[in-house]
Undergrad: 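Sending over a structure as structure tokens; questions will come in a sec.
From a predicted model like this one, the values you see are computed outputs, not experimental measurements. Each ligand, and each atom within it, is numbered from 1 in the order the structure gives.
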Amino acid sequence: MSILTLAEIRNLIHENGMRSTAPRIAVLRYLSEAESPLSHRELVDALAEQGLDRTTVYRNLVDLTEVGVVQRTDVGDHTWRFELANSRVDGDESKHPHFTCSDCGTVSCLPEVTLKVKSTKGVPKSLTQQKVEIKVAGICDACA
Ligand SMILES: [Zn+2]
Ligand SMILES: [Zn+2]
């Protein structure tokens, strides 16, 4: 979740065996500057002035998600939100939790946290194997 330079964006694309096309760079650049995960719609709105249409944005999001440069999250409102995958070291797909405002629906990234759950009766296996996503909901600063 840090702003990438144009060179870093190009590298990231090449490292993953893709061509650095202008739309792809634009999508990644916007995601790297965003402070929270963005929906397809938000990206389309933001990139329209650069001449990117919804199909182009969508295709690039899918490509980038497939290679793991971008990760997508559904915070519970059945809308995919996209953001740069921040820790892809050692193929570790560690996911940070997201905070959703139950009033305005704004989504923000939270620092990585570890939730330790003892495996006792009634606890789903996926929980102790860390295969769950943590979702936090509440009221954001703007709505408070
Ligand atoms: Zn809010
Ligand atoms: Zn996030």
Side-chain angles (χ1 to χ4, degrees), residues 1-50 52-119 123-144:
M1 279 180 290
S2 55
I3 296 177
L4 300 175
T5 64
L6 190 55
E8 283 169 335
I9 289 174
R10 285 214 173 97
N11 269 340
L12 195 57
I13 295 173
H14 287 151
E15 272 171 18
N16 287 280
M18 296 190 292
R19 281 188 309 128
S20 54
T21 59
R24 198 163 273 153
I25 290 170
V27 167
L28 272 184
R29 184 163 228 186
Y30 199 78
L31 285 178
S32 94
E33 285 166 6
E35 278 170 12
S36 56
L38 300 169
S39 65
H40 172 231
R41 199 200 163 82
E42 288 169 318
L43 277 159
V44 170
D45 286 349
L47 297 170
E49 60 179 26
Q50 293 184 44
L52 274 70
D53 62 25
R54 19 181 330 120
T55 319
T56 308
V57 173
Y58 187 74
R59 242 192 358 241
N60 280 287
L61 282 174
V62 170
D63 286 354
L64 291 163
T65 305
E66 265 173 16
V67 296
V69 173
V70 167
Q71 70 182 36
R72 50 174 206 177
T73 318
D74 176 3
V75 292
D77 59 358
H78 306 290
T79 303
W80 286 115
R81 285 187 174 75
F82 300 85
E83 63 187 324
L84 281 194
N86 51 344
S87 40
R88 306 192 314 113
V89 197
D90 300 328
D92 178 21
E93 231 185 277
S94 59
K95 286 194 172 175
H96 54 267
H98 289 100
F99 177 91
T100 313
C101 174
S102 22
D103 205 357
C104 67
T106 301
V107 178
S108 43
C109 300
L110 295 178
E112 236 160 89
V113 290
T114 312
L115 175 69
K116 278 225 165 81
V117 182
K118 277 190 189 155
S119 88
V123 173
K125 271 199 193 103
S126 63
L127 200 54
T128 51
Q129 291 165 355
Q130 314 240 330
K131 284 180 185 159
V132 288
E133 225 173 291
I134 304 169
K135 290 169 186 172
V136 188
I139 304 293
C140 77
D141 290 356
C143 295

Undergrad: Once rounded to 10 degrees, what value does the angle at the Zn ion (ligand 1) take between SG (Cys143) and SG (Cys101)?
TA: 110°
Undergrad: Write the atom name of the N, O or S atom in Glu83 that is nearest the Zn ion (ligand 2).
TA: OE1
Undergrad: What angle sits at the Zn ion (ligand 1) between SG of Cys140 and SG of Cys104, to 10°?
TA: 110°
Undergrad: Given Phe82, which partner from the list Leu38, Asn60, Thr65 fulfils the side-chain contact (heavy atoms from CB on, under 4.5 Å) test?
TA: Thr65
Undergrad: Would you say Thr100 and Lys135 make side-chain contact, with heavy atoms under 4.5 Å?
TA: no
Undergrad: Would you find more than 12 non-hydrogen atoms of other residues, nucleotides or ligands less than 6.0 Å from Phe99 atom CZ?
TA: yes
Undergrad: How wide is the angle at the Zn ion (ligand 2) spanned by His98 NE2 and His96 NE2, rounded to 10 degrees?
TA: 110°
Undergrad: Would you say Ile13 and Leu28 make side-chain contact, with heavy atoms under 4.5 Å?
TA: yes
